[in-house]
Q: 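Quick one: the structure is below, and I'll ask about it shortly.
Order of the sequence lines sets the chain letters (A, B, ...), proteins ahead of strands, with each chain counted from 1.
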Amino acid sequence: MTQKPTNPTTTTAATEHAHHTTEHATQIRQGRIDKLDAWRQLGHNPYPYHFEKTSSNAALQAQYEALENGVETEDVVSVAGRVMALRNSGMFIDLQDPSGKLQVFSHKENLSPEMLEALKLVDIGDIIGATGTIRRTPRGELSVKTTKIQMLSKSLLPLPEKFHGLTDLETRYRQRYLDLIMNSESRDTLVKRSLIISEIRKLLTSKDFLEVETPMLQTIAGGAAAKPFKTHHNALDVTMYMRIAPELFLKRLVVGGISEKVFELNRNFRNEGISPKHNPEFTMMELYQAYADYNDMMSLTEEIVTTVALKVLGTTKIDFQGTAIDLTGPWPRKSMIDCVKEETGVDFAAIETDEAARAAAKQLNVFVEEYDTWGYALEKVFEDKVEHKLIQPIHITDYPREISPLAKAHRDNPRLVERFETRVYGWEIANAFSELSDPLDQRQRFEAQMTQRDQGDDEAHEMDEDYITALEYGMPPAGGLGIGIDRLIMILTNSHNIRDVIAFPTLKPKA
RNA sequence: GCGAGUUUAGCUCAGCGGUAGAGCACUCCCCUUUUAAGGGAUAGGUCCCGGGUUCGAAUCCCGGAACUCGCACCA
């Protein structure tokens, strides 16, 4: 392979970037390009291929924790990272790597004249490598006393201000790389996201759940009540939808018996409003366990959440937006009807007709549609009167049959299904059922949904004939559980906006 | 989708009818044991965009855009 040497003449480079930038911004950038050229003049590639980094900053801070002020060692290390501050004409450099900060100390007595010149070509934002000995300054700052600085990547654009940092929310989300450079909280949150997801995988795998993948592109967007993104496959010339849930495919795998326990931890897409709690693409964990019911799923939900909290945070007692939350299990289990009765005094179990249910809701100043049935009225009262008060973890059980077309009828009450939602801080963290395995009942449920759809509910579930066919071959009794991963991460990282737990949240294009 | 707010230098922000401002960053000078280093001197602007009112608009009015926060929908 041959490669032409890079032309160091870059005087026109700034103008390529100049569209819609000020003269000042252009000047700053050109100044840095000039320094980049100067590195080349000194015989150094400012964008080299490799650096032998021996230690992370945090590892050195830990290793030399006991090193006393003013003490020099002869321990030679090579560190690398981004220059975040320059003091005393570059004699002191704050070097940041993902683990933390470390000071680089470049005294002129230790540097060759060439190195001293090169030091002047270092700017805030550059990625450099530094080799030298470990010492702690008389004022207590652990430092690498260098003989050699290497440019590892010349930065052309100025970083935000060192004290206030980058606070503009739009810029933080649009240019997440800048946010991550400047804001350690953003790094911590996204690192914790990764660890949380990793611990969930580890736990489920250790319990013999098999991780599987099901279609993101579906011809029927089923498994939930939501508006899908619509797209088109050209070669097949068919309309396809981005999935709103993997549920029906995961249960097909349970029918097939690939494993008695399966899970998928992946993205769902819903074409709905964006809010501090909603992103159009979000991460869902769904699992299905044969021969289990929703009671088993409640225990499993507690195990997943508490295990992850302990592994990642080291505790199950957390603070969320100033509210103390104790995740320690087991969590209370209370039926939706009992919750509503306790809060409002109205006992929906004693209400016989849809009409009486609507009247009861209106009596409580809860808005209901004229076509709302007993179950919809109950749900609306619950959401309006009870939901926001459920701060500590709780499983709300036994949902109305008509709002849960994929859940098995309750063993003791035909108006209900065996479904629960786990609430933390009022938010739905988990949703689970004893899965409906009776194919004849499932067909009736879909038909009821079709009726809903005809009445104007465009989020009612669609008929899925193949899914019913799968059930007709026989699905074992199974418990299913879905956990909204972004919401869980928000709770565990004390993040009040879902965008803080998603590296690249959905934003409208700028212009 | 509805309502309120925000948008001025690379960043963080003042200014709110009369010549565009500060701190940090940048450039230059001084300074080699600093911690938001310090001292000095410069340079840097589509005041989000488009109309309008006015002798004069960053400022007032109308329309639009993006963002933020509520509400609605939803997980």
Q: Of the nucleotides rC26(B), rU35(B), rU46(B), which has the atom closest to the Thr22(A) side chain?
A: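 It is rU46(B).
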Q: Select one nucleotide: of rU32(B), rA37(B), rC26(B), the one nearest the side-chain heavy atoms of Ile28(A).
A: rC26(B)
Q: In whole Å, what is the span from the CG atom of Asp94(A) to the P atom of rU33(B)?
A: 17 Å
Q: Do the side chain of Thr301(A) and the main chain of Ser299(A) share a donor and acceptor less than 3.5 angstrom apart?
A: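 Side chain of Thr301(A) to backbone of Ser299(A): no pair is present.
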Q: Could you run down the sub-3.5 Å N/O contacts of the protein with nucleotides 12-16 of chain B?
A:
{"unit_1": "rU12(B)", "atom_1": "OP1", "unit_2": "Thr167(A)", "atom_2": "N", "d": "3.2"}
{"unit_1": "rU12(B)", "atom_1": "OP1", "unit_2": "Thr167(A)", "atom_2": "OG1", "d": "3.4"}
{"unit_1": "rU12(B)", "atom_1": "OP1", "unit_2": "Asp168(A)", "atom_2": "N", "d": "2.9"}
{"unit_1": "rU12(B)", "atom_1": "O3'", "unit_2": "Thr167(A)", "atom_2": "OG1", "d": "3.4"}

Q: Sub-3.5 Å donor-acceptor pair from the side chain of Asp168(A) to the main-chain atoms of Thr171(A), do we have one?
A: yes
Q: Starting at atom CG of Leu86(A), determine the distance to atom P of rG38(B), rounded to an integer number of angstrom.
A: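 Going from Leu86(A) (CG) to rG38(B) (P), I get 13 Å.
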Q: Looking at Lys277(A), does any N or O in its side chain come under 4.0 Å of the phosphate oxygens OP1/OP2 on rA75(B)?
A: no
Q: Taking rU32(B) as the reference, what is the distance to rA20(B) when you measure between their P atoms (whole Å, please)?
A: 42 Å
Q: Measure the distance from CG on Asn69(A) to C1' on rU33(B) and round it to the nearest whole Å.
A: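 Distance, rounded to whole Å: 13 Å.
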Q: Distance to the ring centre below 6.0 angstrom and angle to the axis at most 45 degrees; does that hold for Arg419(A) and Phe433(A)?
A: no
Q: At 4.0 Å (heavy atoms only), tell me whether Arg172(A) reaches a base, stays on the sugar-phosphate, or touches nothing.
A: nothing
Q: Given rG70(B), rC11(B), rA36(B), identify the nucleotide with an atom nearest to the side chain of Phe163(A).
A: rA36(B)
Q: Quick check with a 6.0 Å cut-off and a 45 degree axis cone: is Arg135(A) positioned over the face of Phe105(A)'s six-membered ring?
A: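 Yes, Arg135(A) and Phe105(A) form such a contact.
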Q: Counting only side-chain nitrogens and oxygens, does Lys162(A) get under 4.0 Å of the OP1 or OP2 atom of rA25(B)?
A: yes
Q: For rC67(B), does either OP1 or OP2 sit under 4.0 Å from a side-chain N or O belonging to Arg174(A)?
A: yes
Q: Tell me which nucleotide among rU27(B), rA25(B), rA37(B) gets nearest to the side chain of Asn88(A).
A: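 Ranking rU27(B), rA25(B), rA37(B) by closest atom to the Asn88(A) side chain puts rA37(B) first.
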Q: Would you mind reading off the distance between Ile489(A) atom CD1 and rA75(B) atom P, rounded to a whole angstrom?
A: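 Computing the Ile489(A):CD1 to rA75(B):P distance gives 18 Å.
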